Amino acid sequence: MDKRIPKFLIEEDVIHLKISCKSLRERVLLEVLLEFLYSSGCRVGEVEKLNIEDLNWENCSAIVNGKGSKQREVYFPTECKVWLKKYLASRVDSCKALFVTDTHPTRRLAIPTIRWTGCRRMGSCWDSWTSTVTAMF
């Protein structure tokens with residue numbers, strides 16, 4: 001059985017994706033999501049479950065619940081820390097989730113929502129954010 005080769009966005013597509021953001025908050029969310037996924041190596045499902053309290057600001061790390069309910073520590077660079085703080089400062093809700101919707105009531109940002117947002121902006125879909133982010137840089 002042949003392995004399926006994952007599809008991914010090229011750097012130019014990512015730039016167009018960022019340009020298409022309608023608001024500063026939307027741009028910050030996209031920037032921090034891309035940066036966090038890329039730098040931490042997290043799966044989308046792991047990022048979806050993250051809460052603000054899971055972040056350790058001192059050593060730029062987070063505890064994620066991975067496959068098989070196993071916890072692991074992931075790290076992110078200082079640039080990502082800056083984007084995360086900027087994103088969190090832009091929020092006015094009390095939701096404990098790290099990434100949330102812009103609608104009211106505020107809820108945890110779900111995987112289908114992340115994919116739908118990307119598809120809507122790009123005009124086409126991609127298979128997974130993980131392959132996109134891994135191949136980006």
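Throughout, residue positions are numbered sequentially from 1 according to the sequence presented. Worth knowing before you read on, the calculation uses all heavy atoms, side chains too, and leaves out hydrogens, waters and symmetry mates. Nothing here was measured: the structure is a model prediction, and the numbers come from that model.
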Evaluate Leu109 against Val100 for side-chain contact (heavy atoms from CB on, under 4.5 Å), listing each step before the verdict.
CA-CA 4 Å; Leu109 197 62; Val100 296; 5.7 Å; no

What do the steps show when you test His104 against Thr106 for side-chain contact (heavy atoms from CB on, under 4.5 Å), and what is the final call?
CA-CA 5 Å; His104 297 286; Thr106 303; 4.1 Å; yes

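Pairs passing the salt bridge (charged side-chain N to carboxylate O under 4.0 Å, His left out) check and including a residue from residues 63-88, sequence neighbours excluded, read Glu46-Arg72. Within the structure, the ring-ring contact (aromatic ring centres under 6.0 Å, His included) test picks out the following pairs touching residues 70-96 (sequence neighbours left out): Phe36-Phe76, Tyr87-Phe99.
A search for side-chain contact (heavy atoms from CB on, under 4.5 Å) contacts involving Glu58 returns Asn56, not counting sequence neighbours. Shown here are the side-chain contact (heavy atoms from CB on, under 4.5 Å) partners of Leu88, two or more places apart in sequence or in another chain: Ile52, Trp57, Arg91, Leu98. Taking the side-chain contact (heavy atoms from CB on, under 4.5 Å) definition, one finds that Glu53 meets it with Asn51, sequence neighbours left out. Taking Ser69 as the reference, nothing meets the side-chain hydrogen bond (donor to acceptor under 3.5 Å, both in side chains) condition, with sequence neighbours excluded.
Hydrophobic clustering, with ILVMFWY side chains joined whenever heavy atoms are under 4.5 angstrom apart, keeps Ile63 apart from Val74. Neither Leu33 nor Val82 shares a network with the other; the hydrophobic side chains, linked directly or stepwise wherever heavy atoms of I, L, V, M, F, W or Y lie under 4.5 Å apart, form separate groups for each.
In this structure, Arg107 contributes its side chain and Cys95 its backbone to no donor-acceptor pair below 3.5 Å. Of the possible polar contacts, one joining the Arg108 side chain to the Glu48 backbone as a donor-acceptor pair under 3.5 Å is found.
Side-chain atoms of Val64 and Asp54, non-hydrogen and from C-beta on, never get closer than 4.5 Å to each other.
In terms of heavy atoms, Cys42 sits closest to Leu37 at O-CD2, 3.6 Å.
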